[in-house]
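Please read all numbers here as calculations on a predicted model, not as lab measurements. Keep in mind that the numbers below use all heavy atoms, side chains included, and drop hydrogens, waters and symmetry copies.
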Amino acid sequence: MSIGNSPEEDRPPVGRALQQARIDARLTVEEVSTATRVRVPIVQAIEQDDYSRCGGDVYARGHLRTLARAVGLDGDALVAQYDEEHGGRPEPTPPATLFEAERIRPEPRRPNWTAAMVAAIVAVVGFVGFTLVGGGGGEDSGKQAAEEAPSGKPSADPSADPSPSRKSDPKPSESAIAGAPADKVTVRMTAEKGNSWVSAKDHNGRLIHEGVLKEGQSKTLTDDKRLDLVLGNAGGVKLYVNGKQVEHAGEVGQVQRLSYTRGDPEAG
């Protein structure tokens, strides 16, 4: 008398489940690596259920959660299955930066804007003093000093972001969105709920943008005919297409492939 397999016996191993979900989402290993910042050899090893490159169970569990989120799987369920297959949940370890050793190199350090601001203030004070003492203190000299002083002084607002990407890509006004050119397809993306990996191709299939759009950042893309997008966290991205907001691009954590033309968003 034969006995049927249990659901646990029928389910694929953890690595095979990740690989199949990635294939179903039409993502390459390189795209997943870019979105998660987990190196390509580690992604490939995990998909073969080889965790020797992870550096231990704690690191492996962290990578599994990250990869599961990128391909649309339940990270908690996947980690629970991993624990069952590898002897249970590991003992707690002291707090540490879990993935720095295995991830791609960190972002470059930001410049020391505090020191730059102090230097600018000192320069302004020196200029004003020189103008008042050496220039006779006339009305024209005082006016010139008042006009030139603010130009060299950085903003003292603590909420201002000195990142070049933020300065070159400000949040659009409603009038700017409404003024999208009619002879092009224009897509404006803003990451509102977490980071999102984004890639975009023009109507010739040429890759024109690829990378992680961090929470709070925006990106505008244009093409003469069509834009093809891949969003790694579709529900977390606010989309304006040709000046109109796309109400529902997908769910949070969901990978979506979208195409838009010069027509309305619904026609994309």
Side-chain angles (χ1 to χ4, degrees), residues 18 20-38 43 65-78 161 163 165-166 168-268:
L18 280 172
Q20 188 59 51
R22 174 181 61 77
I23 294 173
D24 292 342
R26 297 182 180 180
L27 295 173
T28 66
V29 172
E30 289 75 14
E31 288 173 336
V32 171
S33 174
T34 301
T36 62
R37 304 187 73 182
V38 177
V43 177
R65 289 185 190 278
T66 302
L67 296 175
R69 185 165 55 251
V71 300
L73 293 181
D74 185 341
D76 291 336
L78 210 64
D161 187 350
S163 170
S165 62
R166 291 289 182 86
S168 62
D169 198 13
K171 185 175 181 180
S173 64
E174 294 299 329
S175 60
I177 294 173
D183 60 341
K184 295 180 181 293
V185 52
T186 303
V187 174
R188 179 79 179 184
M189 302 172 286
T190 301
E192 293 193 333
K193 298 178 182 178
N195 301 342
S196 179
W197 181 83
V198 175
S199 74
K201 295 181 179 179
D202 62 13
H203 69 279
N204 291 319
R206 182 175 61 92
L207 183 67
I208 59 175
H209 177 74
E210 183 178 67
V212 177
L213 190 66
K214 294 186 177 181
E215 184 172 3
Q217 287 186 335
S218 299
K219 185 70 178 178
T220 300
L221 302 169
T222 61
D223 188 69
D224 293 337
K225 296 180 180 179
R226 188 181 75 249
L227 286 171
D228 297 322
L229 309 177
V230 179
L231 305 181
N233 178 21
V237 177
K238 188 173 184 179
L239 281 181
Y240 283 90
V241 178
N242 301 324
K244 297 182 181 180
Q245 182 177 353
V246 177
E247 295 297 335
H248 184 74
E251 305 296 335
V252 174
Q254 183 181 26
V255 178
Q256 281 281 48
R257 290 177 176 267
L258 306 169
S259 294
Y260 294 106
T261 63
R262 288 179 291 186
D264 291 335
E266 292 77 9

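- Closest non-hydrogen pair, L207 versus H209, comes out as CD1-O, 3.4 Å.
- Nearest approach of S33 to V38, heavy atoms of both residues: OG-O, 2.7 Å.
- Counting only distance, with no hydrogens or angles, the side chain of T34 and the backbone of E30 share a donor-acceptor pair below 3.5 Å.
- Between the Q256 side chain and the A249 main chain, a donor and an acceptor come within less than 3.5 Å of each other.
- Checked by atom type and distance alone, the side chain of N195 never pairs as donor or acceptor with a backbone atom of N233 at under 3.5 Å.
- Remark: A25 engages L27, V255 in a side chain to side chain contact (heavy atoms under 4.5 Å, CB included) (not counting sequence neighbours).
- Residue S259 holds its OG atom at 10.5 Å from NZ of K201, rounded to the nearest 0.5 Å.
- Across every non-hydrogen atom of A234 and G250, the tightest pair is CB-CA, 3.9 Å.
- Taking the side chain as every heavy atom from C-beta outward, L239 and L231 approach each other to under 4.5 Å.
- Note that the CG atom of L258 and the CG atom of L227 stand 11.0 Å from one another [nearest 0.5 Å].
- Screening D223, T220, L229, T222 against V187 for a side chain to side chain contact (heavy atoms under 4.5 Å, CB included) leaves a single residue, L229.
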For V230 and E31, run side-chain contact (heavy atoms from CB on, under 4.5 Å): C-alpha distance rounded to whole Å, both residues' side-chain angles, the deciding distance at 0.1 Å, then the answer.
-> CA-CA 10 Å; V230 179; E31 288 173 336; 5.5 Å; no

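- For the pair E251 and Q254, the tightest heavy-atom approach, listed with the atom from each and the gap, is N-OE1, 2.8 Å.
- Legend: residues meeting side-chain hydrogen bond (donor to acceptor under 3.5 Å, both in side chains) with Q20, ordered by chain and number and at least two apart, are D24.
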Candidate pair V43 and L18, rule side-chain contact (heavy atoms from CB on, under 4.5 Å), full reasoning = CA-CA 9 Å; V43 177; L18 280 172; over 6 Å; no

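- For D76, the salt bridge (Lys or Arg N to Asp or Glu O under 4.0 Å) criterion is met by R65, not counting sequence neighbours.
- Remark: R206 engages D202 in a salt bridge (Lys or Arg N to Asp or Glu O under 4.0 Å) (not counting sequence neighbours).
- For R257, the salt bridge (Lys or Arg N to Asp or Glu O under 4.0 Å) test picks out no residue, with sequence neighbours left out.
- Judged as a salt bridge (Lys or Arg N to Asp or Glu O under 4.0 Å), and not counting sequence neighbours, the contacts of R22 are E47.
- Under the 3.5 Å distance criterion, with hydrogens and angles disregarded, no donor-acceptor pair is assigned to the side chains of T261 and R226.
- Residue K238 holds its NZ atom at 9.0 Å from CD of E247, rounded to the nearest 0.5 Å.
- For the pair M189/V198, a side-chain contact is recorded, criterion being any heavy-atom separation below 4.5 Å from C-beta on.
- Without hydrogens or angle criteria, T186 side chain to N242 main chain gives no donor-acceptor distance under 3.5 Å.
- Atom CG of N204 sits about 7.5 Å away from atom NZ of K225, to the nearest 0.5 Å.
- A distance of 10.0 Å separates CD of E215 from CG of L213, quoted to the nearest 0.5 Å.
- Taking both residues in full, the closest heavy atoms of S196 and G232 are given as OG-N, 3.6 Å, listed atom of the first, atom of the second, then distance.
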